[in-house]
**Q** 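First the structure, which I've put down as structure tokens, then a few questions once you've had a look.
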2 protein chains.
Amino acid sequence: MDAQIAERLNNHLASKGLRRTRQREVIVDTVFSSDEHFNAEELLDRVRAVDRTVSRATVYRTLTLMVECGLLRHVDLGREQTYYDPNFLDKPQHNHLICIDCDRVVEFEDEHVALLNDCITRRLGFRPQMQSMRIEAHCDELGRNGTCRFKTERAAR
Amino acid sequence: MDAQIAERLNNHLASKGLRRTRQREVIVDTVFSSDEHFNAEELLDRVRAVDRTVSRATVYRTLTLMVECGLLRHVDLGREQTYYDPNFLDKPQHNHLICIDCDRVVEFEDEHVALLNDCITRRLGFRPQMQSMRIEAHCDELGRNGTCRFKTERAAR
DNA sequence: AAATCATTGGAAAACAATATCAAACGTGAG
DNA sequence: CTCACGTTTGATATTGTTTTCCAATGATTT
């Protein structure tokens with residue numbers, strides 16, 4: 001487990017009087033073994049491939065902990081389940097474009113989004129914290145193949 | 001029912017070979033009797049205050065129809081149920097700021113958001129369709145009163 | 001070793017949303 | 001008007017996600 005991740009996790013557990021356990025370590029390691037977005041059930045499958053005894057409840061509980069301590073973020077992909085984004089630690093902020101035609105998710109960086117966010121937030125009398133911009137757009141390649149469905153891409157800058 | 005709304009609904013029903021029914025009219029009227037965001041269960045309550053025989057299934061089915069024909073939009077308020085926004089027909093595009101402290105939702109208009117959206121979308125090689133910017137921010141008036149919870153405000157321009 | 005408290009897995013519950021289906025309804029043809 | 005047909009409905013069952021419950025287990029402190 002990456003040192004920065006371990007530290008953040010440890011701090012959070014300590015501050016709440018919680019313990020480091022084998023299950024929590026397996027789950028955190030599994031989360032960061034990929035940078036794809038995922039939902040709880042997908043993660044459960046991945047975790048169980050490593051340790052089949054880990055329960056569904058523990059996965060859900062650990063996800064909550066990870067969001068609390070900033071190791072994960074919810075990401076709005078316009079689907080009904082809750083999706084998580086493990087791919088933002090130590091990286092510039094990114095946002096997501098979702099293709100209406102093929103469901104691809106493209107991560108993109110654009111510094112103007114954050115600037116605009118701060119400007120609008122202050123104008124409305126609030127203190128900036130976080131923004132997310134979700135773009136829905138067409139690639140006009142309807143059903144071009146089955147494999148891009150739900151796949152994430154990262155845009156070159 | 002507003003003429004523009006009726007026309008759009010009729011066109012959609014006709015194009016799918018569907019019928020205008022008492023239930024669908026009650027539901028559509030109820031949706032537009034307020035400009036608040038709502039979820040399906042809240043709408044069901046409001047509809048049943050008018051006509052207690054309307055079923056949950058019909059409400060869900062009619063919401064789907066209304067989204068299909070552009071009378072409603074999903075809105076991402078960061079809650080787990082699906083929320084709908086009835087407040088965008090014939091109006092400039094707006095986006096939402098959600099207060100982390102008191103859960104208020106502030107609708108705001110800003111023309112730069114749409115410009116930025118188009119610019120980013122084209123840069124990534126997609127054809128623009130729709131964008132939503134969700135801002136989460138602090139009002140620093142934690143729990144200042146119970147009444148602002150989940151209430152929507154509209155920002156002056 | 002005992003007391004205390006966190007943690008776990010599994011089952012059950014809660015919840016939103018969808019699917020199923022027989023009965024009721026509306027429409028157009030005759 | 002009546003019939004035949006397809007649509008619509010409400011009720012219920014079902015699905016799928018997420019949360020809660022609980023007794024058993026495990027870790028830590030004294």
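A, B, ... follow the sequence lines: proteins, then strands. Residue 1 opens every chain. Scope of the values below: all heavy atoms of this structure, side chains included, with no hydrogens, waters or symmetry mates.
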**Q** In whole angstrom, give the distance that lies between atom NE2 of H74(A) and atom P of dT17(D).
**A** 15 Å
**Q** Please list all pairs meeting salt bridge (Lys or Arg N to Asp or Glu O under 4.0 Å) that have one or both residues in residues 5-19 of chain B, counting only residues at least two apart or in different chains.
**A**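 Residue pairs with at least one partner in residues 5-19 of chain B: K16(B)-E68(B).
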**Q** May I have the distance from E42(A) (atom CD) to dT17(D) (atom C1'), rounded to whole angstrom?
**A** 13 Å
**Q** Starting at CG of L43(B) and ending at P of dA16(C), how long is that distance when rounded to a whole Å?
**A**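 The distance from CG of L43(B) to P of dA16(C) comes to 14 Å, rounded to the nearest Å.
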**Q** Separation of R79(B) atom CZ from dT17(D) atom P, in whole Å?
**A** 23 Å
**Q** Of the nucleotides dG10(D), dT8(C), dT17(D), which has the atom closest to the T58(B) side chain?
**A** dG10(D)
**Q** Is a donor from one side chain sitting under 3.5 angstrom from an acceptor on the other, for S34(B) and R46(B)?
**A**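 Result is no, nothing qualifies.
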**Q** Could you identify which residues of residues 9-26 of chain A place a heavy atom less than 4.0 Å from some atom of DNA chain C, listed by residue number, or say none?
**A**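 Those residues are G17(A), L18(A), R19(A), T21(A), Q23(A), R24(A).
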**Q** Whole angstrom is fine here: how far is it from OH in Y60(A) over to C1' in dA12(C)?
**A**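 So the two atoms are 15 Å apart, to the nearest Å.
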**Q** Please tell me whether Q131(A) and N95(A) have a donor and an acceptor in their side chains that are separated by less than 3.5 angstrom.
**A**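 Looking only at side-chain atoms, N95(A) and Q131(A) do form a donor-acceptor pair, the distance falling under 3.5 Å.
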**Q** The side chain of T53(B) is closest to which nucleotide in this list: dA17(C), dG10(D), dG9(C)?
**A**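 Given the options dA17(C), dG10(D), dG9(C), the side chain of T53(B) is closest to dG10(D).
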**Q** Any donor-acceptor pair under 3.5 Å linking the side-chain atoms of H94(A) with those of N87(A)?
**A**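 Per modelled atom types, N87(A) and H94(A) side chains form no pair under 3.5 Å.
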**Q** I want to confirm an ordering. Mapping A57(A) and Q81(B) to their closest nucleotides on DNA chain C, which one lands closer to the 5' end?
**A** A57(A)
**Q** Any chance the side chains of T64(A) and R61(A) put a donor and an acceptor closer than 3.5 Å?
**A** no
**Q** May I have the distance from I27(B) (atom CD1) to dT9(D) (atom C1'), rounded to whole angstrom?
**A** 11 Å
**Q** Should the pair Y84(A) and F38(A) be assigned to parallel (<30°), tilted (30 to 60°) or perpendicular (>60°) ring geometry?
**A** parallel
**Q** Can you tell me how far P of dA6(C) sits from CG of L65(A), to the nearest Å?
**A** 13 Å
**Q** Side chains of R73(A) and S132(A): is there a donor and an acceptor less than 3.5 Å apart?
**A**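 Looking only at side-chain atoms, S132(A) and R73(A) do not form any donor-acceptor pair under 3.5 Å.
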**Q** Check the distance between dG10(C)'s P and L44(A)'s CG and give it to me in whole angstrom.
**A**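 So the CG-P distance, L44(A) to dG10(C), works out to 11 Å.
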